[in-house]
Amino acid sequence: MIEQALTGHRNYWIWSLALLAMVAGAFYASALQSADGFVHTGMGNNAIWGLYHAQLPFLASIAAASLAVLVPGTLQKYSFLARLAPLAAFLGATASAMSLLFIAADLGMQRRFLTLLLNPSPGAPASWQVPLLLLFLALTLAVGWAQVGAVQKGVKQPAWIRSAVMIAIPAGLALPVISAFMLAVVPGSELWTSPLLAPRLMASGVAAGAGIMLVMAVAAEQLAGFKAGEEALERLAAVAAWAGLGSLVLTGIEAGTVVLGNVTAQTSALGLLYGNSPFASASLFSLLAGAAAIGLLLVPSLRRSSIAAASLGALLAFSVWLQSGLTLILAGQVREGLATVDYAPALPEILLTSGVWAGAVLLITVLLKITASAQLEREGL
Amino acid sequence: MMNNDRRDFIRKAGIGLLAGMGAASGILTGGGFERTTSAAWAVEPGDTGRRWGMLIDTRRCREGCTLCIESCHHTHNVPDVSSPAGTVEWMHKEDGRELLGSACPSTAALPALCNHCAEPSCARACPTDSIFRRTDGIVAIDYHRCVGCRSCMQGCPYGEVSFNWSDPRAALKNPSVDYPTRQRGVVEKCNFCSDRLARGKKPSCVEACPEGAISFGNINNPSSEIRRLLESNQTLQRKPELGTRPSVFYII
């Protein structure tokens, strides 16, 4: 199967090399950071966490979202989703791997990464993050790979896949909850201590994850001859729309509670997102773009056109990334009595972040190509 | 005449009763800000050990004097980083209203340091147990275990944890031999001079203050000097509403 990664058309190679060039940029930035620490980043006492940490809640929720297809596709015999199950598994694996890389990139003492496993502090939500990400990565990668192998050989899936997915369910669901709990230990930060943060991350993550899976499936169909099936694509679009709607409702309930309660600390935190603040334009764009994408995905004719649905899915995922990544982490650091967030990511930070994303897109490309070829090979027989 | 006296008596008795109830339950706050009640130094059931605490009498704190900070930073090799985004501080002076809330009557710059909370949220945030509360109440950091994730900095509502964004050794002009230096990439903060306490000395800021404004002692011990001062003065803590139970108190 792996040999499929090394053969392809000219466009496949151009695409892969472009992504590899971005990965090389990340290696350069990482070397710079290993040598001099965070001095090449925009982080400092005014922004303790920056672009690296801002990826984590989003990626955790995407990893969890892969379960929305993986579970019905493998455990519940929804045959039309079974074809998408390896895609979902690979998305979960990629999101976990990215999270681990961003956690490592954000450590001041990178050579002590193993301390996170060797000296955990179970009372601290943060210490569950790395072990669970490693577990989820191993499970989803193994499940996806075995599923594609079974398709290629035309045999039944190995029985252990069911057990692996069952173990992956609690691990995956825990990821966004831990992301939210890691922020909840910060007293005095109203954006982070909201009890609705974990459910909001989960709902918006399912919406964004379904959006990304739509993009993956449609790209594999258009470029590699993969057949996802109309019914599966429409189901993905519906999951994205309804989960997105749920996330909008939760956001509205939270805002309504804050406005009615009128507690100064809470209203000023809400104002940081939507009032007169540097984060307002990103937050409002995210809200409006997300609402528009969700509204359009609910229109049956648009949902059934695969290109339109994939574009809307991408827009929805981007809006969720802005909301549960960027603004949540950056605005959440502004606290009464402490310095304001004065942050602009520096070039090495941007290189490293975009390099990790490029590496992830490359990994997904290769895995999708392998999945599509396995399917084609089987049907060609 | 008789009637008036009786009315007066009832009124006074009523006020006295209310005040007594208020004091007993610790809700009588008097002014606009939350004064510390005896609950702040109550010994938790099962806690028989020490709880080191500090009391800063800001009435004696001189405007513009930074001797406590200088002594602290020299003793512990705290780097003097010039850029504001990279500052490392164990102790600093801050506007009284920023420190103790808008109702604080003092706008003078008051000394601030780690509160060595009885319920430290920094320790709850640390994934590797590198920042932890000792049995004597001191919240300490293991610089050799810290991975530099800065969760404790986010967790501290007082902003009293610093991160070494750059190499701290390069920013030391006159290093002290009594305490180790740190490396780039780990957090640090006030350790209540646990190193000096182990040698039977008082914290360096306490010794350095020419006005004797800083008292230090075991607040679990009812006969300690700090406990006597806490019980005989009105004191304030930083953000007591967050439930962190700070061990640093202020007399305004």
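The basis for the numbers below is simple: all heavy atoms, side chains too, and nothing from hydrogens, waters or symmetry mates. Chain identifiers are assigned alphabetically (A, B, ...) following the order of the sequence lines, protein sequences preceding nucleic acid strands; residue numbering begins at 1 within each chain.
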Which of residues 184-191 of chain B have a heavy atom under 4.5 Å from any heavy atom of chain A?
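Residues of residues 184-191 of chain B touching chain A at under 4.5 Å: B:Arg184, B:Gly185, B:Val186.
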Per-residue contacts, residues 117-138 of chain B versus chain A, heavy atoms under 4.5 Å:
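Under the 4.5 Å heavy-atom cut-off, B:Ser121, B:Arg124, B:Ala125, B:Cys126, B:Pro127, B:Thr128, B:Asp129 qualify.
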Quick one: CG on A:Asn262 to OG1 on A:Thr257, what's the gap to the nearest 0.5 Å?
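It is 12.5 Å, given to the nearest 0.5 Å.
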Distance (rounded to the nearest 0.5 Å) between B:Ser162 OG and B:Glu89 CD
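If I round to the nearest 0.5 Å, the distance is 6.0 Å.
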Criterion side chain to side chain donor-acceptor pair (under 3.5 Å) on B:His76 and B:Asp195, from CA distance to verdict
CA-CA 9 Å; B:His76 296 104; B:Asp195 52 312; 3.2 Å; yes
Should the pair A:Trp49 and A:His53 be assigned to parallel (<30°), tilted (30 to 60°) or perpendicular (>60°) ring geometry?
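Taking A:His53 first and then A:Trp49, their aromatic rings lie parallel (interplane angle under 30°).
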Hey, what's the ring geometry for B:Tyr179 with B:Trp90, parallel, tilted or perpendicular (30° and 60° as the breaks)?
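B:Tyr179 and B:Trp90: perpendicular rings.
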Is any NZ, NE, NH1 or NH2 atom of the basic residue among B:Arg59 and B:Asp57 found under 4.0 Å from an Asp or Glu carboxylate oxygen of the other?
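Yes, this pair counts.
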Do the charged groups of B:Glu63 and B:Lys93 touch, with an N to O distance under 4.0 Å?
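No salt bridge links B:Glu63 with B:Lys93.
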Greatest number of heavy atom pairs closer than 4.5 Å to chain B - which of [options]:
options: A:Leu116, A:Val186, A:Leu183, A:Ile48; result: A:Ile48
options: A:Asp106, A:Thr41, A:Leu118; result: A:Asp106
options: A:Ala184, A:Pro187, A:Ala126; result: A:Pro187
options: A:Asn119, A:Val185, A:Val130; result: A:Asn119

Determine, stepwise, if the pair A:Gln323 / A:Thr327 fulfils side chain to side chain donor-acceptor pair (under 3.5 Å).
CA-CA 5 Å; A:Gln323 179 203 58; A:Thr327 54; over 6 Å; no
Tell me, out of B:Gly243, B:Cys149, B:Ser166, who's got the most heavy-atom pairs with chain A below 4.5 Å.
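With the most close heavy-atom pairs to chain A, the winner is B:Cys149.
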Can A:Met43 and B:Arg150 be said to form a side-chain contact (heavy atoms from CB on, under 4.5 Å), step by step?
CA-CA 11 Å; A:Met43 290 185 279; B:Arg150 311 184 297 295; 3.3 Å; yes
Should B:Trp165 and B:Val81 be marked as a side-chain contact (heavy atoms from CB on, under 4.5 Å) after you check the CA-CA gap, both sets of side-chain angles, and the distance that decides it?
CA-CA 10 Å; B:Trp165 297 98; B:Val81 183; over 6 Å; no
Kindly give the heavy-atom pair with the smallest separation between A:Leu59 and A:Met98, and that separation in Å.
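So the minimum-distance heavy-atom pair works out to CD1-CB, 3.7 Å.
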Centroid-to-centroid, B:Trp52 to B:His116, below 6.0 Å?
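No, the ring of B:Trp52 stays outside the 6.0 Å limit from the ring of B:His116, centre to centre.
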